[in-house]
Asks: 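Below you will find the structure I want to go over with you.
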There are 2 protein chains.
Amino acid sequence: MNPKVAIYDTTLRDGTQGEGISLSSADKLRIADRLDAFGVHYIEGGWPGSNPKDMEFFTEARKRKWKHAKIAAFGSTRRAKEVCSRDANIQALVDAQTPVVTMVGKTWSLHVREVIRVSPEENLAMIGDSVRYFKERGKEVFYDAEHFFDGYKDDPAYALATLRAAQDAGVDVLVLCDTNGGTMPHEVSRIVAEVKRQLHAAVGIHTHNDCGLAVANALAAVEQGASQVQGTINGYGERAGNCNITSVMANLVLKMGIPSIPRENLKHLRELSLFVDDLANVRPDIRQPFVGATAFAHKGGIHVNAVEKVARSYEHIEPELVGNRRRVLVSELSGRSNVLLKAQELGMEVNKDTPELREILKQLKELEHRGYEFEAADASFQLLVQKSLKRHKPFFQLLGYRVIMDRRAQDGQQICEASVKLRVGEKAEHTVAEGDGPVNALDTALRAALVKFYPAIQKVRLVDYKVRILDSGAGTAAKTRVIIESTDGDSIWGTVGVHDNIIEASWEALVDSVEYKLFKDEKRK
Amino acid sequence: MNPKVAIYDTTLRDGTQGEGISLSSADKLRIADRLDAFGVHYIEGGWPGSNPKDMEFFTEARKRKWKHAKIAAFGSTRRAKEVCSRDANIQALVDAQTPVVTMVGKTWSLHVREVIRVSPEENLAMIGDSVRYFKERGKEVFYDAEHFFDGYKDDPAYALATLRAAQDAGVDVLVLCDTNGGTMPHEVSRIVAEVKRQLHAAVGIHTHNDCGLAVANALAAVEQGASQVQGTINGYGERAGNCNITSVMANLVLKMGIPSIPRENLKHLRELSLFVDDLANVRPDIRQPFVGATAFAHKGGIHVNAVEKVARSYEHIEPELVGNRRRVLVSELSGRSNVLLKAQELGMEVNKDTPELREILKQLKELEHRGYEFEAADASFQLLVQKSLKRHKPFFQLLGYRVIMDRRAQDGQQICEASVKLRVGEKAEHTVAEGDGPVNALDTALRAALVKFYPAIQKVRLVDYKVRILDSGAGTAAKTRVIIESTDGDSIWGTVGVHDNIIEASWEALVDSVEYKLFKDEKRK
């Protein structure tokens, strides 16, 4: 299906301009993988000229096969009085070797005069030359017209001339940017309609949320014929954030019936939103439209009653369409079917009539109440179900551990040592190890103790370690959730631990990880 | 000045339907006082029939003199086959003795049939009778047409008939409600325009944010002639929340030039927003349009440079108009101008010609490369600048610390103990403390060691503790960044620490926090 409106994700570039958002190039690749699987049409990876981290992303991105998305590199038009072949920024875009190049240039005569200080004619030439340079090299080229709406309101003739310069150079999409986020929806409608009348190139829209109107502005542009929407997952971005494409995708497809992302894929919308928050270490906005934890939560007694009678009476869509679910806040309704689905999805032998299902559900609720989260911890969830079904066979018995950390001022160095004592069958084992930190030392000691009984443990290594402070207002005594991802080369699994003490929480997740590996291997026999 | 658009606040009623929002009647009165002082036109205090807390509010509210606002009580139309004088809900509204009564009734034939199960004619009579009852008693009466847009789309003739029933009974304002929050702005425009054509009574708008469009929908209705906007401060409310009137007021007055709240009063908008979050115990959304902490924060080097040249080049309004301020984020993308602006913003005596500026910048880049982040750690940044300027005077000298964590299987309990050794002047101090975890124990021991030299330390407490694993792919040996927020009751400051060892990273941030407190107090002398 050809999208009528293409989704252009700039979480990895404009999103990282948001306060507190910082992604490693490994994080960026993982997010890009998810966006690709989700069906996003374009993924802007970064600004190759601006820092080495972004260039690293593009180098890795070239080695991968992308299923749906095209990767875009972002940069600005050539400098004044420079030729493209010698312009460092343009050449960095060439080096990124992406199929798509997005270039930003100046629209607003105020900026041309007072910020970059070039003549209006030179600015037009900068735009035209830069677009042409990449079109001649066979790229798909998008032109981001910075401050388009402000520029248009100030000097419409010049603003349109900048677009025409890009159009004449063969640009694929003219992206109208509300860079300052100050434009009202009725202005966006009027101005996009005018652009569509005056020019024939395809039009895109890039908005910011300074007035709380970024999503509305994007939709207003689509109504006037824009065929590309730029934005970020969860609306990350500078100031009040970019246009939240999480909401845009749901609105376009589910509410306006406009072909874009396949409708089916939206079932993973909540998952995608949480995944990105997780990697960016951003606390999810529980009130976020469509995907937030409370987006379909009902509190008022009347509402709850009515929802039971006629679901659509207080729900504008079925929560499942975006991978969310209805919640009743006064008395938590059972997620019986969720648990069942999840367990079956993991290949466990559980069905509606399994008598232990109620017990599993009860435990799960209890654990979730204490701060556990199993969305990224399938392995811990499986162990929990196994234990509830009394099918769990313990592979070892923990007798204790100790961690000592010492820091002396003489040399500023600290040492960190962990000892672990456990029993496998009749044999006790007591090992000690040093590490970079307490958790690393414990991890090493635990595996040293187990490896002679279970040599397969040798292959396990941790690929990810995440810490979230729950209720961070409690200061250093706050509850901590640790999520660990491990691999043995064949598969990757996640485990979770929660405790007031970060070391104990980490230990829980470590032990689950090792147990799951042994459980998995045994099942295969 | 007569407002062209009146603001009707329902934070105290519909806002409290939001998850986690709960206000005592004392809180409600304090919020109402603030809203009144701010210039809001109507304050909905609650639903007197629904709970005793709300009735308490109305009893207190009667005793006060309100400067600008009128107090409204909310309730539903009379029950089926009942007369108003015997209807308990109607009588509770009478007892509330407010100048304004807002009544909600059914618009949608689906609801009339399947939820309340009365005949369409009886529903019209319920609306008409209830409105008339309060008009005869001299009240200002607003009619909230629940599910108006869904009802209209389903059965326009009946939806309009419900409005007409209220109009014929003498209603003051017909409030069109997008109860499920699923209506698109272009639909709101079209339907409000149609209502204005068909009816002569004044029209209001009440929207919800399920599609991220509540503010846009309210503005769309105003453009079609709505003269009252209902919503909540900070967008509190069920599911994805109500229309955020914080944004609506700023947009109406500052962006659209529509008389509503006096322009002057908007200078207290950020203050109002924070005050309400404070009383409701809600963590402020830093990205909230207009009033959020990052709403006027600049990170990208190019932007910062341009903002210095022409403020409006990246700011749609002056931050001071809504009581906010420009902030410069010191980040990896930072250049010289960020650092300088930031230092000046913090009141430090640094200018473009300060010779140490280059050295500070170099150190900052080096630290950021190692994973430090100063965006949320102003205090660490200040200490860094002080140290670079050789103005820093150490308050104590750390000799070392030790942490021991022990967990035995017998009882599953673990103990965690920390000892700290430091010197103040000639005196050495060696303290020990237990804690919930290693960092909590260190925090307690550190403060126990310092308090006899610096009693002010006693007042410091941690309000937030955040952990982020950098490059989480390195497993448990990954680098950890810890950000701590502390307060002494007067102000809040942030500090940062980075290390492979989470305990050492936390220790760094703890020490910075304490040093900053001492530095701050000394500066004041």
Side-chain angles (χ1 to χ4, degrees), chain A residues 17 19 24 26 114-115 180-182 185 210-213 215-216 238-241 247 251 281 287 289 294-295 297 299-300 306 309-310 313 316 329 398-409 436-437 439-440 443 462-467 469 472 475-478 500-504, chain B residues 17 19 114-115 180-182 185 210-213 215-216 238-241 247 251 287 289 294-295 297 299-300 306 309-310 313 316 329 375 398-409 414 436-437 439-440 443 462 464-469 471-473 475-478 500-503:
Chain A
Q17 297 287 316
E19 179 163 8
S24 68
E114 296 184 35
V115 180
N180 292 4
D210 297 76
C211 297
L213 296 166
V215 170
E238 197 161 36
R239 306 188 312 272
S247 302
N251 280 320
N281 202 22
R287 235 164 54 190
T294 74
K299 187 169 175 184
K309 283 185 190 160
V310 192
S313 71
H316 69 116
L329 298 180
L398 180 71
L399 301 177
Y401 66 78
R402 174 181 291 151
V403 177
I404 297 173
M405 225 204 96
D406 224 330
R407 187 212 209 252
R408 295 295 117 187
D436 287 331
V439 184
N440 186 232
D443 180 28
L462 304 186
V463 288
D464 205 347
Y465 173 66
K466 277 202 198 78
V467 177
I469 306 299
S472 51
T476 52
D500 290 343
N501 183 334
I502 191 171
I503 295 178
E504 179 67 18
Chain B
Q17 297 288 314
E19 181 164 6
E114 297 184 35
V115 181
N180 292 4
D210 297 77
C211 297
L213 297 165
V215 171
E238 197 162 37
R239 307 189 312 272
S247 302
N251 280 320
R287 236 164 54 190
T294 75
K299 187 169 174 181
K309 285 184 187 160
V310 192
S313 70
H316 68 116
L329 303 180
E375 286 174 27
L398 179 73
L399 301 176
Y401 67 78
R402 174 181 290 152
V403 177
I404 296 174
M405 222 203 99
D406 224 330
R407 187 213 209 252
R408 294 296 117 187
Q414 82 279 322
D436 287 330
V439 183
N440 187 232
D443 180 26
L462 304 186
D464 205 349
Y465 173 65
K466 280 202 199 84
V467 176
R468 179 173 162 93
I469 306 301
D471 187 17
S472 50
T476 52
D500 290 342
N501 184 333
I502 190 171
I503 295 178

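Just so we're on the same page: letters track the sequence lines, and every chain starts at 1. Just so you know, these numbers use all the heavy atoms, side chains as well, and skip hydrogens, waters and symmetry mates.
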Asks: Quick one: does A:Ile503's side chain get under 4.5 Å of B:Gln414's, heavy atoms only?
Replies: no
Asks: With a 3.5 Å distance limit and no angle check, can you tell me whether B:Asp210 reaches the backbone of B:Arg239 through a side-chain donor-acceptor pair?
Replies: no
Asks: Let's test your reading of the structure: which of A:Pro185, A:Gly212, A:Ala295, A:Ala216 forms the most heavy-atom pairs below 4.5 Å with chain B?
Replies: A:Ala295
Asks: Quick one: what part of B:Leu213 sits under 4.5 Å from any heavy atom of chain A, side chain, backbone, both or neither?
Replies: side chain
Asks: For chain A, which of B:Gly241, B:Ala240, B:Gly182 has the most heavy-atom pairs under 4.5 Å?
Replies: B:Ala240
Asks: Can you tell me how far apart CZ (A:Arg402) and CE (B:Met405) are? Round to the nearest 0.5 Å.
Replies: 11.0 Å
Asks: Taking C-beta and beyond as the side chain, do B:Ile404 and A:Ile404 meet within less than 4.5 Å on heavy atoms?
Replies: yes
